[in-house]
Amino acid sequence: MIESMIDLLTRVVLIMEDGGSGKVVVLVDMDCFYVQVEKRLHPELKDKPCAIVQYNKWQGGSIIAVDYEARKYGVKRSLKGKEAKEKCPGIHLVQVPEKRRKADLSNYRKASGEVMKVLSGFTSVIERASIDEAFLDLTEPVKDYINSNSFDSLEFHADLKSTHVAGCNDDDDTHKDDCDLRISRGDWFKSSCSSDERVLIVAAILVQRIRETILNEVGFTCSAGISHNKMLAKLAAGMHKPNQQTILPQSQVDVVFSTTLLKKVRHLGGKLGEQVQDKLKIECVGQLQEYSLKVLQEKFGLKTGSWLYELCRGICHEKISNRIITKSIGCGKNFPGPSKLKTAKAVKYWLEQLSRELVERLEEDMTENTRQAQSITVHFLPEGQASSVARTFALPSYNTSLIVNNSWNAINKGHKPVTNEESHLTWTTGILNIHLSAGKFVQCGKGHMKSLLQLMSSDQECSFVSASSSHSSIITGKEVTQMTLCKEEREDAVLTTTPTITEQDQSLETSSMNITKFFTPIKRKGSLETQLDRNAKRREVVLEEIKGTLESDDDTIIDNQFEAVLCSECGEEVLKFVLEEHMDYHFALSLDKDSQIN
DNA sequence: CTTGGCGTCGTCC
DNA sequence: TGGACGACG
Ligand SMILES: Nc1ccn([C@H]2C[C@H](O)[C@@H](COP(=O)(O)OP(=O)(O)OP(=O)(O)O)O2)c(=O)n1
Ligand SMILES: [Mg+2]
């Protein structure tokens with residue numbers, strides 16, 4: 001009787017563990033990503049120790065990515081270029097490209113897009129987690145693979161050359177030799193008769209294939225973690241790098257967690273992790289199992305408490321959203337100490353630079369993803385303040401002047417000039433950071449067009465799925481007359497943040513899409529101009545743009561020559577009869593920027 | 001110019 | 001809703 005009770009309880013626990021869910025979650029993480037991007041561009045650097053720096057004027061610039069050769073010398077992120085040279089004299093430092101006097105990350109974003117596109121050929125459920133990471137839900141592809149392939153377990157061993165199992169004997173780095181992984185992992189493979197573990201082995205075969213495809217098609221290596229949820233997959237991915245993959249099954253959670261530092265777990269790398277460590281006097285995630293749900297909730301709150309309670313048992317309900325493009329597009333710049341922005345002119349200049357970059361990226365985004373941002377948030381950090389201030393305004397069209405103007409007004413409201421010397425504004429306290437971010441995207445367009453990327457990623461058969469099972473399910477005939485707020489593609493798993501024990505209904509068809517309409521509402525200013533007559537026409541164009549914006553701004557209608565208007569280029573009050581002269585200033589500004597592009 | 005600089009996402013209120 | 005803040009890459 002008592003035994004059967006215990007048995008029942010054990011079953012309940014097993015079901016609650018994510019291993020019991022049968023889900024397969026993978027994190028793909030590119031190896032030293034920016035370095036690989038630059039090495040692809042400059043193949044002569046391939047076998048050299050290498051790091052990426054931005055802004056090399058001060059102390060040789062800051063390092064933001066380091067390859068594995070240079071890491072051997074102790075070079076790491078956040079070092080100055082100078083310091084890296086001291087540690088590794090042979091290191092090659094590649095600078096981040098600059099445009100408009102700021103770092104330009106577009107190369108890396110594009111490369112990231114290439115990777116996401118390859119990934120989307122393998123499963124319809126992908127979440128872009130960062131510029132170089134994506135979570136994949138391989139639950140369905142694994143099922144399909146099992147249903148369409150008769151395999152014997154020996155085949156696994158041959159296929160899984162770069163695969164580790166977290167917490168196994170050979171899993172620490174004590175053996176660096178080429179010990180035969182098939183033998184060293186053999187025991188685990190043999191004893192892995194639970195279906196949860198079997199699906200992870202199958203997943204490893206698929207992931208190996210995915211990684212090979214990425215290498216062949218875009219030329220980058222990556223590492224991967226293979227498990228049942230995001231937390232475990234992320235943890236596993238970091239265990240063996242570069243160019244390797246790690247399985248972390250539920251059965252290995254306890255042994256792995258007994259030595260895993262709290263801060264290594266996703267979301268515990270910051271203040272919360274420190275709090276947990278300090279309040280409970282523990283170091284490793286596994287030690288959290290000693291505490292009851294009640295105690296954890298008392299100490300850390302209801303939500304965080306139950307999250308911790310499950311987390312330390314390998315359970316994590318975090319949803320994998322279906323999205324391979326960003327939900328916001330932003331750009332910003334710091335102006336530390338000596339370079340802080342002290343004058344209105346300086347602030348306006350940098351607003352102009354940032355707005356131009358933003359509009360450029362937004363326009364590319366619109367053609368690529370048939371969507372339009374509806375709002376801009378400007379963040380700025382006044383000297384002396386602990387944190388930055390944010391103000392949001394509507395973005396009716398992709399127009400640089402409008403963004404500059406509204407941002408300037410926002411900054412002026414939150415940060416009044418303290419002194420006004422000789423007709424130009426001077427703040428005694430400067431601006432240390434400005435950031436512009438566009439968001440609230442709406443899908444747009446007429447007809448049932450989809451972007452190229454969406455078509456290729458969602459509508460096609462998964463690459464390793466046999467022809468027997470079809471995932472395609474195109475919803476037709478639905479009328480969409482307005483632009484629709486961008487939402488993630490979903491109709492799949494029901495995942496709650498509470499530990500409900502629900503059998504996942506994994507229906508066969510998983511790829512549905514938003515019905516979108518084709519849409520081309522934005523005027524392309526000067527798009528037909530040739531390079532030759534560009535400058536000749538430029539002035540006119542600038543003037544027209546400025547006037548156009550002035551008139552379209554409700555509170556800046558020009559009535560007579562002596563009225564002061566808010567210039568939409570800079571937000572400054574300008575008398576109408578000096579407006580033209582004032583615009584010369586903006587014209588000069590625009591030429592300045594053109595010259596910086598080259 | 002002390003963990004930098006630039007960029008994303010999610011939660012809380 | 002927007003805005004502050006945390007966490008991450
Ligand atoms: N604080 C950070 C962290 C990362 N990155 C950029 C540069 C990295 O190349 C890329 C990916 O970050 P990762 O943390 O994944 O680091 P790497 O890919 O460079 O190395 P690893 O092989 O350890 O993943 O993001 C950055 O600019 N600033
Ligand atoms: Mg990486």
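Below, all heavy atoms of this structure are taken into account, side chains as well, without hydrogens, waters or symmetry copies. Note that the structure is a prediction, hence the values are computed from the model and not measured. In what follows, every chain begins at residue 1, and chains take the letters A, B, ... in the order their sequences are listed.
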Ignoring hydrogens and angles, answer whether the base of dG5(B) and the side-chain atoms of Q54(A) contain a donor-acceptor pair closer than 3.5 Å. yes
Between K348(A) and E352(A), does at least one N-O distance fall below 4.0 Å, as a salt bridge requires? no
Need one value for Q59(A): base, sugar-phosphate or nothing, where a base atom within 4.0 Å counts as base even if backbone is also close, heavy atoms only. nothing
Using a 4.0 Å heavy-atom cut-off, does D29(A) contact any base of the nucleic acid, only the sugar-phosphate backbone, or nothing at all? nothing
Are OP1 or OP2 of dA7(C) and a side-chain N or O of K263(A) less than 4.0 angstrom apart? no
Taking dG9(C), dC1(B), dC6(B) as options, the one with an atom nearest any side-chain atom of K333(A) is dC6(B)
Contact under 4.0 Å: T392(A) side-chain N or O vs dG3(C) OP1/OP2: yes
Atom CZ of R109(A) and atom P of dC6(B) are separated, to the nearest Å, by 12 Å
Under 4.0 Å: is that the gap between some side-chain N or O of S328(A) and OP1 or OP2 of dC9(B)? yes
Selection from dT11(B), dG3(C), dG5(B) that lies nearest to any side-chain heavy atom of A390(A): dG3(C)
Atom-pair distance (OH on Y108(A); C1' on dG5(B)), nearest Å: 13 Å
Atom NZ of K230(A) and atom C1' of dC9(B): how far apart are they, to the nearest Å? 10 Å
Measuring only the P atom in each nucleotide, how far is dT2(B) from dA7(C)? A whole number of Å is fine. 22 Å
Whole-Å distance, H267(A) NE2 to dT11(B) C1', equals 11 Å
Given dA4(C), dG2(C), dC6(B), identify the nucleotide with an atom nearest to the side chain of A103(A). dC6(B)
Compare side-chain N and O positions of R128(A) against OP1 and OP2 of dG7(B) and report whether any pair is under 4.0 Å apart. no
Look at the side chain of K440(A) and decide which nucleotide, out of dC1(B), dT11(B), dT1(C), has an atom nearest to it. dT1(C)
Indicate yes or no: does K99(A) engage E360(A) in a salt bridge with an N to O separation below 4.0 Å. yes
Looking at dA4(C), dT8(B), dG9(C), which one has an atom nearest to any side-chain atom of R391(A)? dA4(C)
N/O (side chain, K102(A)) to phosphate O (OP1/OP2, dG7(B)) under 4.0 Å: yes
Within the pair K327(A) and dG10(B), is there a side-chain N or O less than 4.0 Å away from OP1 or OP2? yes
dA7(C) phosphate, OP1 or OP2, under 4.0 Å from K271(A) side-chain N/O: no
If you measure from the Lys or Arg side-chain nitrogens to the Asp or Glu carboxylate oxygens, is any gap between R128(A) and E133(A) under 4.0 Å? no
Side-chain contact check for Y55(A): nearest option of dT11(B), dG5(B), dG9(C) is dG5(B)
Between K48(A) and D67(A), is the closest basic N to carboxylate O distance under 4.0 Å? no
Counting the atoms with a prime plus P, OP1 and OP2 as sugar-phosphate, which does S388(A) contact under 4.0 Å by heavy atoms, base, sugar-phosphate, or nothing? sugar-phosphate
Closest listed nucleotide, where the reference is the side chain of C331(A) and the choices are dG9(C), dC1(B), dG7(B): dG7(B)
Is R266(A) salt-bridged to E318(A), cutoff N-O under 4.0 Å? yes
Separation of atom CZ in R77(A) from atom P in dG7(B), rounded to whole Å: 16 Å
